[in-house]
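This report concerns only the one structure given below.
Every number for a ligand or one of its atoms is a count from 1 in the order of the listing.
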Amino acid sequence: MSRQTQAIIHADAIISNFSRLTSLAVSSKTMAVIKADAYGHGAVNVAHILKDHASCFAVALLEEARLLRNNNITAPIVVLEGPHQAQECAQAKHLNCILVVHNRQQLQWLKQLPKAVRPTVWLKVDSGMHRLGFACHEVGAIVNEFGEFFDNNTVLVTHLACADDVDNAFTAQQIAAFADVVRQTQFPVSIANSPATVGWPQSHGDWNRIGLAMFGSEPLSRGGSSVALAPAMTLGASVIAVRKVKKGESVGYGQNWYAPRDSIIATVGIGYADGYPRHCPNGTPVWVNGLRVPLVGRVSMDMITIDVTEVKKIACGDAVELWGANICIDEIAKWAGTISYELMTRVSPRVPRIVVPDFER
Ligand SMILES: *Cc1c(COP(=O)(O)O)cnc(C)c1O
């Protein structure tokens, strides 16, 4: 490894976050959502870290489940988008996956399968988000028409559009609309994602689905979660050059920043090709040698520049934290005009993931 650029994945943080979140909903079971390579933390890593803690995992796509199976993960896996192709239905059974079915096409594909190779099917209900699922008023008819797929393993699933905003009345509306459907069908239910698990106890169901908060990011948009979460990722890099610039000189592409005084500039070996957001403006905090210092100049593909004039000692090789225990990923997301979900999932494959402590596979 040439550069010091890496994402440290803190196994103990993932385990303690998961157990704290599950303790918020003691009468629910919890599936660990590890789609999109476990939000950038490494799905195989995280599944192994949680092996003795999570009884069930969820992913978006069947190929994400296949990767886990190929790496000795045996717990049930819920495929949140269901099949995208007819052949994925039989593959799901073979891979011991549960398919969340959200449209008629998927039910038709399943119907063509011999009973023996049909996977367990859960049913997605659109309670108001209007992205995936059967409308509340359709569910009764679907359950009748396709009754052969549904048994006591079936779960009714819905997803909340605004759970991160604890003041938004739409969440209660969605929960009420869904409750009507549930009364008709009597299946177990799954409603809550991370923000709902933390902020909406009335959304806790038989199964909660936790992704983001497990990685230590604040799930409520205004903050204030009562549960203490630890960051699961430290995105780190190192200083690769140090120079002096005179007052009035510019730094980086487009002369986006001019030194307001004689300054010391450190160049750090991480850029937007590694997933550090190019939208971070001048002033975005970076942690080096015990101090928060500002990003100055545009983010390049492989490098950033920071103003280290206030840092007492700086040298090539010094460690830099882009986010982690000292710089909260939620803060960087705000500077970049996005959310922590996007920052985590965009850490690129060029950045090695280093799990600490080293976990047995
Ligand atoms: C991604 C996803 C989740 C997890 O959401 P978080 O907010 O990350 O906890 C839950 N349910 C569904 C349907 C999802 O797609």
Side-chain angles (χ1 to χ4, degrees), residues 13-14 17-22 24-25 28-41 43 46-47 50 54 56-62 64-65 68 76-84 97-103 106 121-134 155-166 168 171 174-175 178 188-201 203-223 225 227 229 231-233 329-330 333 338-346:
I14 293 172
N17 293 339
F18 188 76
S19 85
R20 283 175 187 195
L21 290 157
T22 54
L24 293 179
S28 307
K29 289 175 277 187
T30 305
M31 64 185 84
V33 181
I34 53 172
K35 62 190 178 188
D37 204 23
Y39 297 39
H41 296 69
V46 173
L50 290 176
C56 180
F57 294 104
V59 294
L61 314 171
L62 194 71
E64 294 177 320
L68 295 172
I77 303 174
V78 176
V79 180
L80 295 167
E81 289 182 9
H84 288 261
C97 289
I98 296 161
L99 294 179
V100 182
V101 165
H102 62 83
N103 68 20
Q106 294 174 324
V121 172
W122 291 8
L123 200 59
K124 181 74 173 263
V125 179
D126 178 7
S127 59
M129 182 157 174
H130 298 151
R131 187 178 66 174
L132 284 185
F134 295 98
V155 173
L156 283 192
V157 180
T158 197
H159 198 53
L160 300 171
C162 305
D164 60 311
D165 176 2
V166 289
N168 193 323
T171 298
Q174 281 195 266
I175 293 171
F178 187 59
V189 300
S190 176
I191 306 171
N193 56 0
S194 295
T197 299
V198 171
W200 296 88
S203 74
H204 296 172
D206 298 273
W207 282 100
N208 296 337
R209 311 184 299 272
I210 291 185
L212 186 81
M214 181 165 67
F215 303 112
S217 180
E218 167 63 56
L220 302 178
S221 50
R222 274 207 275 104
S225 292
V227 59
L229 300 170
M233 181 192 291
I329 190 170
D330 301 311
T338 184
I339 52 176
S340 56
Y341 293 82
E342 188 182 15
L343 298 192
M344 289 175 183
T345 55
R346 288 206 170 180

Inset, instruction - Taking all heavy atoms of Thr197 and all of Leu24, pick out the closest pair and write down the distance. - result: O-CD1, 4.1 Å

Legend entry - Residue list, ring-ring contact (aromatic ring centres under 6.0 Å, His included) with His41, at least two apart or on another chain: Phe215

Inset, instruction - Please list, chain by chain and in numerical order, all residues satisfying salt bridge (charged side-chain N to carboxylate O under 4.0 Å, His left out) with Arg20, sequence neighbours excluded. - result: none

Legend entry - Which residues share a side chain to side chain donor-acceptor pair (under 3.5 Å) with Asn208, sequence neighbours left out: Ser28

Inset, instruction - Mark yes or no for whether Arg209, through its side chain, and Ile191, through its backbone, hold a donor-acceptor pair below 3.5 Å. - result: yes

Inset, instruction - Answer with yes or no whether the side chains of Asp330 and Ser217 bring together a donor and an acceptor at under 3.5 Å. - result: yes

Inset, instruction - Kindly tell me which protein residues have any non-hydrogen atom under 4.0 angstrom away from an atom of ligand 1, grouped by chain and ordered by number? - result: Val33, Lys35, Tyr39, Leu80, His159, Asn193, Ser194, Pro195, Arg209, Ile210, Gly211, Leu212, Tyr341

